[in-house]
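Encoded as structure tokens, the structure appears first; notes follow it.
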Amino acid sequence: MAETNSGFKAPGSFKEAVCIDGGRVYDSCCDRDCLEDLRCFFTPKGQEIIQQALNVRIRSAEIINVFVDVEPVHFNRGYYACDLTFFFLVKFDVFCSPRSKPVPVRGVCFFDKKAILYGSEGNVRVFSNEFSKDDASDAQARPTNNLPKCVVQCVDPVPLSARICEIRDCCENVRCMPACVCNCIGGEVCTNLQNGDKTVYATIGLFTIVQLIRNVQMLIPVYDFCIPEKQCSCDEPEPECACDIFKKIKFPTDEFFPPRADSDCDCGCGCDYDENDCD
């Protein structure tokens, strides 16, 4: 029997079928969004620098948090609307005079997205000792329903561009920022700017996968218990010399012979190459 990377030996022969409770992906979608001119918000100190700015350059962007809300679509049973709100932390280099060094400033922005996916049906309420409070009365906590769970996977956004602009509508794209977002930037953000004040509009690229998962009982084959075969050891491995480590590095052939633009697309996602994706 072959040994796996986790130290367990591969199964020998089928023994029985058991029922497990696990998450099944009922529906999913992937998307590529170019988010143009997202209004950024800054702390009072950062806003003072933006007010004096002549130019700005975007450095990086990252996702702080994603708020997810799942509601059933009443006109189409079994489908659910997944309302997603992305909060981004964006870093800029701000130039306040032609020959001055750039000043690093951090801002936050948000983006709302909706996806309608199939999640099957179910109207039961779930009670379990997992949700019981650990006290003398052992009161049952609020039961959970069996709505499907929405899972959002995303990579770090791609920073594309940024520009300084005066606000024309002070109420445009303004909302109260949650505490978790404000803590990442170092304090409350300014949302009470007036028309004519300066702000930054950022453009970033976002790749996402949205999945709708429901816990179901599934019948799976069982071969044997997962019994570890290797022993625990506290002995530290002997350090390797730099040359030994270097010998294990794969030769970077692509660096010397870059692939052609018309080569086959092998992105690992199982989809065929489409020339329209390069537009």
Side-chain angles (χ1 to χ4, degrees), residues 30-71 81-115 149-211:
C30 61
D31 213 347
R32 179 208 315 250
D33 295 296
C34 184
L35 313 179
E36 294 186 87
D37 293 338
L38 296 179
R39 178 178 170 181
C40 296
F41 299 87
F42 305 89
T43 61
K45 183 178 180 180
Q47 185 60 38
E48 291 179 4
I49 300 175
I50 297 298
Q51 287 293 121
Q52 306 170 11
L54 298 178
N55 197 4
V56 65
R57 179 178 61 200
I58 189 170
R59 293 178 53 194
S60 63
E62 62 182 81
I63 299 175
I64 300 175
N65 206 338
V66 182
F67 287 5
V68 182
D69 185 37
V70 179
E71 293 291 339
C82 305
D83 293 305
L84 316 174
T85 302
F86 295 81
F87 292 94
F88 304 99
L89 174 64
V90 189
K91 298 180 181 179
F92 303 97
D93 286 332
V94 180
F95 299 86
C96 297
S97 62
R99 297 185 178 180
S100 64
K101 293 183 177 180
V103 180
V105 177
R106 299 189 301 172
V108 295
C109 54
F110 65 90
F111 168 65
D112 293 321
K113 181 179 179 66
K114 179 187 287 287
K149 177 175 63 175
C150 181
V151 176
V152 183
Q153 302 181 38
C154 41
V155 297
D156 286 337
V158 181
L160 298 175
S161 64
R163 62 187 179 92
I164 294 284
C165 188
E166 293 184 354
I167 297 176
R168 299 302 180 186
D169 183 0
C170 60
C171 298
E172 178 187 11
N173 295 329
V174 177
R175 69 170 51 179
C176 180
M177 293 293 175
C180 62
V181 175
C182 295
N183 292 337
C184 291
I185 199 176
E188 295 289 336
V189 299
C190 297
T191 57
N192 57 347
L193 301 182
Q194 303 300 318
N195 292 343
D197 290 339
K198 289 184 178 181
T199 190
V200 177
Y201 290 90
T203 299
I204 59 180
L206 181 65
F207 294 93
T208 56
I209 294 179
V210 184
Q211 298 175 320

With a 4.5 Å limit on heavy-atom distance, are the side chains of [X] and [Y] in contact?
X     : Y      : result
Asp37 : Arg163 : yes
Pro98 : Leu54  : yes
Phe86 : Val152 : yes

Give, for atom [atom1] of [X] and atom [atom2] of [Y], the distance between the pair rounded to the nearest 0.5 Å.
X      : Y      : atom1 : atom2 : result
Phe95  : Ser100 : CZ    : OG    : 7.5 Å
Cys180 : Phe87  : SG    : CZ    : 7.0 Å
Thr85  : Phe110 : OG1   : CZ    : 8.5 Å
Arg106 : Lys45  : CZ    : NZ    : 11.0 Å
Ile64  : Asn183 : CD1   : CG    : 10.0 Å
Glu62  : Leu89  : CD    : CG    : 4.5 Å

Nearest heavy-atom pair of [X] and [Y]: which atoms, and what distance?
X      : Y      : answer
Ile167 : Arg39  : CD1-NH2, 3.3 Å
Cys190 : Thr43  : SG-C, 3.9 Å
Cys150 : Val210 : SG-CG1, 3.7 Å
Ala202 : Ile58  : CB-CD1, 4.3 Å
Phe41  : Ile185 : O-CD1, 3.9 Å
Ala61  : Pro157 : O-CD, 3.6 Å

Picking from Val68, Asp112, Thr208, what satisfies side chain to side chain contact (heavy atoms under 4.5 Å, CB included) with Leu84? Val68
Passing option when Ile204 is tested against Leu38, Asp156, Asp33, Val158 for side chain to side chain contact (heavy atoms under 4.5 Å, CB included):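 The residue from Leu38, Asp156, Asp33, Val158 that satisfies side chain to side chain contact (heavy atoms under 4.5 Å, CB included) with Ile204 turns out to be Leu38.
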Measure from the side-chain N and O atoms of Gln51 to the backbone N and O of Lys198, and report whether any donor-acceptor pair falls under 3.5 Å. yes
Between Val90 and Val108, does a side-chain contact (heavy atoms from CB on, under 4.5 Å) hold up when you go through it step by step? CA-CA 6 Å; Val90 189; Val108 295; over 6 Å; no
Ile50/Val56 under side-chain contact (heavy atoms from CB on, under 4.5 Å): CA gap, chis, key distance, verdict: CA-CA 9 Å; Ile50 297 298; Val56 65; 5.5 Å; no
Enclosure of Lys113 NZ (heavy-atom neighbours >12, cutoff 6.0 Å):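 Yes - once you tally the heavy atoms of other residues, nucleotides and ligands closer than 6.0 Å, there are more than 12.
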Determine, step by step, whether Lys149 and Val70 satisfy the side-chain contact (heavy atoms from CB on, under 4.5 Å) criterion, reporting the C-alpha distance in whole Å, the side-chain angles of both residues, the deciding distance to 0.1 Å, and the verdict. CA-CA 8 Å; Lys149 177 175 63 175; Val70 179; over 6 Å; no
Audit row: Cys154, Ile63, side-chain contact (heavy atoms from CB on, under 4.5 Å) steps and yes/no: CA-CA 9 Å; Cys154 41; Ile63 299 175; 3.2 Å; yes
